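What follows is one structure encoded as structure tokens, with my remarks underneath.
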There are 2 protein chains.
Amino acid sequence: MLSKKTKYAIKALVSLGKMAGNPPVQISKIAEQEKIPKKFLEQILLDLRNAGYLYSKKGAGGGYSLNKDPKDIYLVQIMRITDGPIAMVPCASLNFYHKCEECKAEGTCGIRSVFVDVRDATLKILSETSISDIINREVDLIGEI
Amino acid sequence: MLSKKTKYAIKALVSLGKMAGNPPVQISKIAEQEKIPKKFLEQILLDLRNAGYLYSKKGAGGGYSLNKDPKDIYLVQIMRITDGPIAMVPCASLNFYHKCEECKAEGTCGIRSVFVDVRDATLKILSETSISDIINREVDLIGEI
DNA sequence: AAAATAGTCTATCATTTCTATATACATTAT
DNA sequence: ATAATGTATATAGAAATGATAGACTATTTT
């Protein structure tokens, strides 16, 4: 399961993505709109800012906005910042690899082998889907009604 | 990430799968072989037994063995018993569905839509991979060395 | 029948992770 | 200056996870 942190992060980015071009949006506004606890959102936005995805401005009239084109922010990037690994077992992780404690022979582990496949399938989607794609999906879904 | 519970469950099943046909194996033996805390493994095997995947026998000469053909035990089934949902968001789960608290319009949620795709991709692999397949993968991997 | 073996069941504890909140500080606009 | 707003760190509370304990039941062996 995704942590709430990650879900909130994606929601906030989508929300900001829809505003792309507009002046910065205040944390409190995003928190209210997306039903996210404000103080928690502060931390999350900070992480995303420090990772280069958001621009922030202090003081009156300040707030947050995207620091990249929504087309260039991929889910996999966000999830790695907020939740860490994509893989379901540490030994199958590309960016957060570490050995399973109980593992005897990683190279010939059938379980690992399956979860490498799962990772690849998941990664394919998450690394091809941008904030912009999510927004487009919503437009499409609304159109289908 | 998979819980240790699930990882242990799969390991135990694979271990028993390799013994298919042999007399029951004691918990303590599996625990030792697979480096799993014995008391924890007891609980896990009980769950698998109660779900119908294992046969057990008490008393001297007792132990556990598979109650099904290893070809007919799929990862997805085990994971649902030990970890619950496969999907990364509750609103995208087939067997453990529930609404996301903060969600306003599930039907037109772009995030959900992506994670339904992720779920389907994951499910395709997990529902096609059996204990027997894992054992075969190991044979293949050893052959490649 | 008694003793030894091995699973069953329930409770509980310890640790970690997650979620959320609090507080003090820094910067900017008016 | 003052008010608005983000920054940074600490901490608390809650939930989930991982692991252990102990008493009980069934089976086999002697």
Side-chain angles (χ1 to χ4, degrees), chain A residues 1-9 11-12 16 23-32 34-67 79 81-85 88-90 96 100-102, chain B residues 1-12 16 23-32 34-67 79 81-85 88-90 96 98 100-102:
Chain A
M1 283 275 165
L2 282 194
S3 66
K4 291 205 174 186
K5 185 174 181 185
T6 296
K7 221 198 297 184
Y8 292 162
K11 289 205 164 196
L16 288 169
V25 184
Q26 291 77 34
I27 297 176
S28 53
K29 199 168 168 190
I30 303 173
E32 198 183 340
E34 304 296 329
K35 297 198 208 164
I36 302 172
K38 189 191 160 203
K39 276 289 179 184
F40 196 17
L41 184 59
E42 281 184 10
Q43 291 174 42
I44 295 166
L45 295 181
L46 243 198
D47 286 348
L48 295 175
R49 186 204 103 105
N50 291 335
Y53 293 93
L54 295 178
Y55 162 84
S56 68
K57 197 181 169 189
K58 289 182 180 181
Y64 277 101
S65 57
L66 293 189
N67 198 31
M79 289 174 62
I81 292 169
T82 50
D83 261 2
M88 295 179 100
V89 284
F96 298 85
C100 297
E101 298 141 28
E102 357 71 54
Chain B
M1 283 278 166
L2 282 194
S3 66
K4 291 206 174 184
K5 185 174 181 185
T6 296
K7 220 199 298 186
Y8 293 162
I10 299 172
K11 289 205 163 195
L16 289 169
V25 183
Q26 290 78 36
I27 297 176
S28 52
K29 199 169 168 190
I30 304 174
E32 198 184 340
E34 304 296 330
K35 297 198 208 162
I36 302 173
K38 189 191 161 205
K39 274 290 181 182
F40 195 16
L41 184 58
E42 280 184 11
Q43 291 174 42
I44 296 167
L45 295 181
L46 244 199
D47 285 349
L48 295 175
R49 186 204 102 106
N50 291 335
Y53 293 93
L54 295 178
Y55 162 84
S56 68
K57 195 180 170 190
K58 288 183 180 180
Y64 276 102
S65 57
L66 293 189
N67 198 30
M79 289 174 62
I81 291 169
T82 50
D83 262 1
M88 297 179 100
V89 284
F96 298 85
H98 64 92
C100 296
E101 297 141 29
E102 356 72 53

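Being a predicted model, the structure only gives us computed values, none of them experimental. Below, read A as the first sequence line, B as the second, and so on, with proteins coming before strands; counting in each chain starts at 1.
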Residue set satisfying salt bridge (charged side-chain N to carboxylate O under 4.0 Å, His left out) with B/Lys35, at least two apart, ordered chain then number -> none
Taking only residues two or more places apart in sequence, or in another chain, which ones meet B/Glu32 in a salt bridge (charged side-chain N to carboxylate O under 4.0 Å, His left out)? none
Taking atom [atom2] of [N] as reference, at what distance in whole Å does atom [atom1] of [X] sit?
X       : N      : atom1 : atom2 : value
A/Tyr55 : C/dT28 : OH    : C1'   : 10 Å
B/Met1  : C/dT17 : CE    : P     : 12 Å
A/Ile36 : C/dT21 : CD1   : P     : 13 Å

Where do N or O atoms of nucleotides 14-18 of chain D meet protein N or O atoms at under 3.5 Å, pair by pair?
from: D/dG18; atom 1: OP1; to: B/Lys4; atom 2: N; distance (Å): 3.0
from: D/dG18; atom 1: OP2; to: B/Lys4; atom 2: N; distance (Å): 3.3

Any A/Leu41 side-chain heavy atom under 4.5 Å of A/Glu34 side chain: no
Whether each nucleotide of nucleotides 3-13 of chain C has a protein heavy atom under 4.0 Å at its base (B), only at its sugar-phosphate (S) or at neither (-) is summarised, 5' to 3', as --BBSBB-B--
Listed partners of A/Met79 passing side-chain contact (heavy atoms from CB on, under 4.5 Å), at least two apart: A/Leu2, A/Thr6, A/Ile86, A/Leu126, B/Met88, B/Phe115
Which residues satisfy the ring pair (Phe, Tyr, Trp, His ring centres under 6.0 Å) test with A/Tyr64, sequence neighbours excluded? none
Can I get a per-line list of side-chain donor-acceptor pairs under 3.5 Å for residues 23-31 of chain A, giving both atom names and the distance, sequence neighbours left out?
from: A/Gln26; atom 1: NE2; to: A/Gly62; atom 2: O; distance (Å): 2.9

Which atom pairs, donor and acceptor, lie under 3.5 Å between side-chain atoms of residues 49-59 of chain A and protein residues at least two apart or in another chain?
from: A/Arg49; atom 1: NH1; to: A/Ser56; atom 2: OG; distance (Å): 3.1
from: A/Asn50; atom 1: ND2; to: A/Leu46; atom 2: O; distance (Å): 3.4

State which residues pass side-chain hydrogen bond (donor to acceptor under 3.5 Å, both in side chains) with A/Glu42; sequence neighbours excluded, sorted by chain then number. A/Lys39
